[in-house]
Q: 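Please see the structure below; I have some questions.
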Amino acid sequence: MAGLIRKIITTPNAPKPVGPYSQAVQVGQTLYVSGCLGLDKDSMKLILGGAAAETELALKNLENILLAADSSLSKVIKSTVFLDDINDFGAVNEVYKKYFKEPFPARSCFQVGKLPLGAKVEIEVVAISGPLETISHL
């Protein structure tokens, strides 16, 4: 009897995990991408420049993981944004909307106590791998 397969997604085009977790895990067509930081993949250090700069690099890292799993930003169903300071909400949104276009994925955004490595922003997503058709319900 065939069951679902859990596929571990790894790419050298994004930073290695900073803890005991995978960059992403795919089950069926559903892709669960771990939280991405604004880390340089080579130095494994946070980019300088604050929340906007970290968001930009976090989204580039996220996009590289999605591409490794036959997915893309346009196939993101749900994102969760964790902020060190909710006052960065506007700056993060300005960068976010450069990467995500309408129809936007569902999203939650929270201020948290502390993020790994002293980051200002962390973004995780659930996406679809493979073909996806979008329709709008009015």
Side-chain angles (χ1 to χ4, degrees):
M1 181 159 116
L4 289 173
I5 295 173
R6 179 174 62 171
K7 181 178 178 184
I8 306 303
I9 306 299
T10 304
T11 179
N13 297 322
K16 294 178 182 172
V18 297
Y21 57 88
S22 300
Q23 288 175 327
V25 177
Q26 181 178 339
V27 178
Q29 281 188 268
T30 306
L31 181 65
Y32 303 89
V33 182
S34 296
C36 291
L37 303 174
L39 280 178
D40 176 88
K41 68 178 181 59
D42 298 319
S43 70
M44 292 298 290
K45 295 192 187 285
L46 288 168
I47 191 169
L48 299 176
E54 285 187 31
T55 301
E56 185 96 32
L57 188 52
L59 288 169
K60 287 178 183 175
N61 291 333
L62 173 66
E63 186 172 34
N64 284 330
I65 295 168
L66 290 167
L67 291 172
D70 189 27
S71 189
S72 66
L73 292 169
S74 67
K75 296 179 183 179
V76 171
I77 304 303
K78 170 75 166 72
S79 69
T80 305
V81 179
F82 303 97
L83 300 176
D84 179 59
D85 183 348
I86 199 68
N87 292 312
D88 290 327
F89 185 76
V92 168
N93 281 340
E94 287 304 309
V95 176
Y96 187 92
K97 68 184 179 185
K98 288 176 17 184
Y99 287 82
F100 290 100
K101 305 298 179 197
E102 290 191 41
F104 297 111
R107 186 181 93 170
S108 299
C109 184
F110 306 96
Q111 176 176 310
V112 295
K114 194 166 180 116
L115 290 167
L117 307 178
K120 297 188 178 304
V121 179
E122 181 174 4
I123 303 170
E124 68 177 26
V125 301
V126 177
I128 298 300
S129 177
L132 176 66
E133 181 181 344
T134 299
I135 60 169
S136 294
H137 181 72
L138 300 177

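Quantities reported herein were computed from a predicted structural model and do not represent experimental measurements.
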Q: Give a yes or no answer on whether the side chain of Q23 reaches the backbone of T11 with a donor-acceptor pair at less than 3.5 Å.
A: yes
Q: Find the distance between OG (S79) and CZ (F100) and round it off to the nearest 0.5 Å.
A: 5.5 Å
Q: Nearest 0.5 Å please: distance from the CG atom of D42 over to the NZ atom of K16.
A: 10.0 Å
Q: About how many Å separate CD of E124 and SG of C36, when rounded to the nearest 0.5 Å?
A: 9.5 Å
Q: To the nearest 0.5 Å, what is the distance between CG on L83 and CG on D88?
A: 6.5 Å
Q: Carefully, step by step, assess T55 and K120 under the rule side-chain hydrogen bond (donor to acceptor under 3.5 Å, both in side chains).
A: CA-CA 8 Å; T55 301; K120 297 188 178 304; over 6 Å; no
Q: Specify the closest pair of heavy atoms between K75 and L132, including all atoms of both residues, with the distance to one decimal.
A: CA-CD2, 3.9 Å
Q: Would you find more than 12 non-hydrogen atoms of other residues, nucleotides or ligands less than 6.0 Å from K114 atom NZ?
A: no
Q: Following the transitive rule for hydrophobic clusters with a side-chain heavy-atom cut-off under 4.5 Å over Ile, Leu, Val, Met, Phe, Trp and Tyr, establish whether L37 and F82 coincide in one cluster.
A: no
Q: Heavy atoms only: give me the nearest P131-I128 pair and the separation to one decimal.
A: O-CG2, 4.2 Å
Q: Check each of I9, I65, I8 against S22 using the side chain to side chain contact (heavy atoms under 4.5 Å, CB included) test, and report the only one that passes.
A: I8
Q: Would you say Q26's side chain and G28's backbone share a donor-acceptor pair under 3.5 angstrom?
A: yes
Q: Shortest non-hydrogen contact from P15 to M44?
A: CB-SD, 3.7 Å
Q: Supply the atom-to-atom distance K41 NZ to N64 CG, rounded to the nearest 0.5 angstrom.
A: 8.5 Å
Q: Looking only at heavy atoms, what is the nearest atom pair of L31 and S71, with distance?
A: CD2-CB, 4.0 Å
Q: CD of E122 to CG of D84: how many Å apart, nearest 0.5 Å?
A: 11.5 Å
Q: Looking at V121 and L115, what are the two nearest heavy atoms and their distance?
A: N-CD1, 3.6 Å
Q: Does the pair L67 and N13 meet the rule for a side-chain contact (heavy atoms from CB on, under 4.5 Å), with working shown?
A: CA-CA 10 Å; L67 291 172; N13 297 322; over 6 Å; no
Q: Is the shortest heavy-atom distance from the side chain of K45 to the side chain of D40 under 4.5 Å?
A: no
Q: Taking F89 as the starting point, is it possible to reach I123 by hopping between hydrophobic residues whose side chains are less than 4.5 Å apart?
A: yes
Q: Is there a path of hydrophobic side-chain contacts, each under 4.5 Å between heavy atoms, that joins L62 and Y99?
A: yes
Q: Considering non-hydrogen atoms only, spot the tightest contact between V81 and R107 and give its length.
A: CG2-CD, 4.0 Å
Q: Going only through I, L, V, M, F, W and Y residues with side-chain contacts under 4.5 Å, is there a path from V76 to Y32?
A: no
Q: If only atom types and distance count, is the side chain of Q111 paired as donor or acceptor with the main-chain N or O of I86 below 3.5 Å?
A: yes
Q: Around K7, counting heavy atoms of other residues, nucleotides and ligands shown, do more than 12 lie under 6.0 Å from its NZ?
A: no
Q: Determine, using the 4.5 Å side-chain heavy-atom cutoff (strictly less than), whether L66 and F104 are members of one ILVMFWY cluster.
A: yes
